Each structure stands twice: as structure tokens, then as C-alpha cells.
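In this text the structure is predicted, and so the values were computed from the model without any measurement. Atoms considered below: every heavy atom in the structure, side chains included; atoms not considered: hydrogens, waters and symmetry mates.
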Amino acid sequence: MAKPRDHDFEFLTPQSELMYLDSAATCQVPTPVLEAYSHYYRHQHANVHRASHRLGRAATAALENARNVFAEYVGADAENIALISSTTAALNGLAEQLPIDWQPGDEVLLSYAEHHANILPWQRLAKRYNLHLQFISIDQHSGKLGDWRTLLNARTKVVSITAASNVTGAVFDIQPLLAAAKAQGAITVVDAAQAAAHVPINVNELHCDALVFSMHKVYGVTGCAPLYLHPELWPRMQPFLVGGGIVQEVSPRRAQWVPSIHKFEAGSPNTAAAVAGATAIDWLTKQQPHQHLAQLRAQFVEQLSQRPWLTLLPAGEHTTPTVAFYSLEWQAFDIAIWLDQHDIAVRAGHHCAQLLLQQWQLPAVVRVSFGAYNSAADISRFFSTLDAGWDIFSALE
């Protein structure tokens, strides 16, 4: 399938030379999504749930429609979807408020592919309760999730795992792990931030208790992260934040929370971001750029393999449109700077995934991540530019 229409992205003007290859960090936003965001502020903006006037009702309807869209996208019921500001905020909230009577020596199982947002909250929790963090290795040859069976045990209280690597693009086979963890009573958490735009997600098939993703990585805007919570889990949890909108009754000494998922949404929600996110899901569902992006990634990997001075990080057969590579001769940051000087936006470094790079003994890598606005012509220009830089650099050595 051809890539979506260029006029859906306002940064793609005939005058622009920018080639954006950093969609794993944040996607560019389609015009219909920007229009929905603007329309909300021009015609529907008010605080939700508590207003008795028509604008309040309109804003509430828009927010709850977005919740329904997000729920359908992951195979959940809307009453189990909380709208959080970001994946990072949700993971921090989960680490703090999961209903677990932690005992010294209890374990949390993660992987070496986790984003720092799915490591640091558990590290802080581990220090507080004297817990042990266990890490599943990532195979250096295949890029796949390593053996977890010897790590999952009776002391494992939480398994918190990414569905896809934000470095290599590997989509991990996490369903068997989550099913085994659930069978022995562990709470299961999925960081779907890198997967949500690219692979089908069904929370029931995954056997997960919680799953979260950020809409700005799914062609939406920042400020909205749908968080699925299992209906048997969230009633036993305390709110992440406390304040207006989450209470039934407040007395001088106590408060009674509302008996709904709204108890995780204290304060004024980012309704505009939710509305934009719902439009982004609709846009993505209609455009279906997945085959186009898979073809781009395959073409890119083929071109990269023809250059012996570049090394591809392994990702296995199932991937997102993200690729990472490095050169032993040409530093990752220098590559990224050279490309930026020629209006090509990539990312270099550890990508908030230092444990993976440490496991593989790499200081930094270059990451290229495709979006619906990229084309085969971008790949040709990328390697033409990279080759020109390599010719200059290698001549200086």
C-alpha cells in the first residue's frame, strides 16, 4: 500500500527538506487530528463531568467518546480505561498503588529491553521495601526475549514488560510469559508505548492486568495515555493522585472515592488531547500504513546490510518500523549530527534503554524510526547522504 496522503501532514510542504525519522520518540500529527484538537477548543471546551451547562455536557461527551475509542482499540470495556497524562505517569502510579502487601525479598520481573520509565519506578519501590528486581535477557543474536522460566517464581509479585523494544523495534512474544505469571498469581503490566501504533492489541488475549500507551506515538498529541486496568484490579487500588473530581464525599478526616475508573483522573483532564487521540485512532485505522512501513523497514535493512561499516542490531521476525545500528569507526552522535546538517532527523544515544545497550556492550546507537509520512525516496536520500559523510570521514582516518 502506498503511504498516506502527504497533505495529511502539514510539515511535508514542497519547500521543506526535512526528513523525519524519529517517530518512535513522537509521531508527526495528521491534519485531521490537529483540526479535531482545534475544534474542541473552539466549540466544546469546558470542564467535564461536573458542569450543568451545555458546554460542560459537550466536553464530557467528547471525553467519554474518546475513552470508548481507546477501549475498542485494545479490546477492553470503556469503564476499565483511565486517561493518564503519559505512559511514564501511569507506570509510576502503578508501581506506587498496586494492591500488594510487599515483603522483603519479593520480586519484580522486568527485561533488559525496558525503557527507563519501566525501570526507575520499580527501582524506587525496591529500595523502599527491600525487593529484588529480576531481568530477562535479550538475545544478542536474535534480538528476541530470552528465557524467563527460571526467573518466574513464587516470589514474583509483578511482571512489567514492554511489548516492543524502543531501540531495535523487536516485538516480543510476551503472551506466554504473561499467562504463566497470571497463573501463579502475579500482577502483569504491559508497556505498549512502542507497539500500539503498529501491532494489534487485545488485553484479554494478553492476559494482562494493566496496559498503557501514549497517544503521541500513535499520531495523536502529547498529554494523553490510555491506561487499561483489569476490572478485578482497579477497585482494589488507591488513586494515583488525589483532588477534585474523584470523590463522592469529603469530611475533615476522610474521603470516599467514586466507585469508577474516574478515581484515577483527579483534576481537570486533558480533554483536548483525548479528543485528538480518538481522531488519531480513527485516522490510523482508516489509513492502515502497516504494510507500507514494514516494506520501508525491510528496504532500509537491505541497504544497511550492503555497508560493511555499519552493524544492525537484531530484532527478530516481528518488528515495528524501527531500526538501530552502529559503526565501530564512526560514532553514533557524529552520524546523527551529519544527518541533521542535511535535514534528516534521527536519534542517537542510549534511547532511555541503557540496560539493553549495557548488556550488549554498546555505548550508543543510531535509531531510525519510520512513520506514515515516509517513503522509499527517503531511504535513497538517507543512504546517499550517509555514504557521502562516510566518504569524507573515512578519508580523514
Side-chain angles (χ1 to χ4, degrees), residues 1-34 164-171 193-199 213-222 279-281 283-307 310 312-313 315 318-325 332 335-348 351 365-389:
M1 172 180 177
K3 72 186 179 84
R5 299 164 299 174
D6 284 353
H7 67 254
D8 274 350
F9 296 94
E10 295 185 9
F11 83 105
L12 287 176
T13 65
Q15 296 77 29
S16 174
E17 293 295 323
L18 175 64
M19 184 196 305
Y20 187 78
L21 297 172
D22 196 20
S23 296
T26 194
C27 290
Q28 295 297 321
V29 183
T31 298
V33 177
L34 295 174
S165 170
N166 75 307
V167 178
T168 67
V171 175
Q194 289 296 319
H198 307 296
V199 298
F213 60 98
S214 294
M215 283 311 308
H216 73 94
K217 298 181 189 292
V218 195
Y219 302 96
V221 301
T222 56
T279 304
I281 294 292
W283 178 90
L284 181 61
T285 302
K286 291 177 179 177
Q287 293 294 333
Q288 288 291 317
H290 312 299
Q291 182 179 353
H292 168 70
L293 292 175
Q295 291 172 347
L296 290 184
R297 189 186 193 278
Q299 293 170 16
F300 187 92
V301 169
E302 181 183 6
Q303 287 292 313
L304 191 149
S305 66
Q306 297 175 15
R307 290 157 173 82
L310 296 178
L312 172 73
L313 266 63
H318 303 291
T319 67
T320 68
T322 295
V323 185
F325 66 91
I335 292 174
I337 290 171
W338 169 262
L339 292 171
D340 180 57
Q341 290 172 345
H342 294 80
D343 297 313
I344 300 175
V346 301
R347 188 163 293 239
H351 311 286
V365 296
V366 178
R367 185 182 72 186
V368 170
S369 48
F370 296 102
Y373 24 77
N374 294 122
S375 67
D378 291 340
I379 296 176
S380 297
R381 179 181 155 200
F382 177 93
F383 282 105
S384 175
T385 303
L386 194 65
D387 289 344

Quick check: closest heavy atoms across [X] and [Y], and the distance to 0.1 Å?
X: Ala348; Y: Ala332; answer: CB-O, 3.5 Å
X: Ala25; Y: His216; answer: O-CE1, 3.2 Å
X: His351; Y: Val167; answer: CB-CG2, 4.0 Å
X: Ser369; Y: Thr322; answer: CB-OG1, 3.5 Å
X: Leu312; Y: Phe325; answer: CA-CB, 4.2 Å
X: Met215; Y: Ala280; answer: CE-CB, 4.1 Å

Measure the acute angle between the ring planes of Phe9 and Trp283, then classify it against the limits of 30° and 60° as parallel, tilted or perpendicular.
perpendicular
Rounded distance (nearest 0.5 Å) linking atom [atom1] of [X] with atom [atom2] of [Y]:
X: Glu10; Y: Ser16; atom1: CD; atom2: OG; answer: 12.5 Å
X: Ser305; Y: Phe300; atom1: OG; atom2: CZ; answer: 11.0 Å
X: Leu304; Y: Gln299; atom1: CG; atom2: CD; answer: 13.5 Å
X: Leu293; Y: Asn374; atom1: CG; atom2: CG; answer: 7.5 Å
X: Phe213; Y: Gln194; atom1: CZ; atom2: CD; answer: 13.0 Å
X: Leu339; Y: Leu21; atom1: CG; atom2: CG; answer: 8.5 Å

Using a 4.5 Å cut-off on heavy atoms from C-beta on, say whether the side chain of [Y] contacts that of [X].
X: Asp387; Y: Arg307; answer: yes
X: His290; Y: Leu284; answer: yes
X: Gln287; Y: Asp8; answer: yes
X: Cys27; Y: Tyr373; answer: yes
X: Arg381; Y: Asp343; answer: yes
X: Arg297; Y: Val368; answer: no
X: Val29; Y: Phe11; answer: no
X: Gln306; Y: Phe383; answer: no

Criterion side-chain contact (heavy atoms from CB on, under 4.5 Å) on Leu296 and Asp378, from CA distance to verdict:
CA-CA 9 Å; Leu296 290 184; Asp378 291 340; over 6 Å; no
Contacts of type salt bridge (Lys or Arg N to Asp or Glu O under 4.0 Å), residue Arg347, not counting sequence neighbours
Asp22
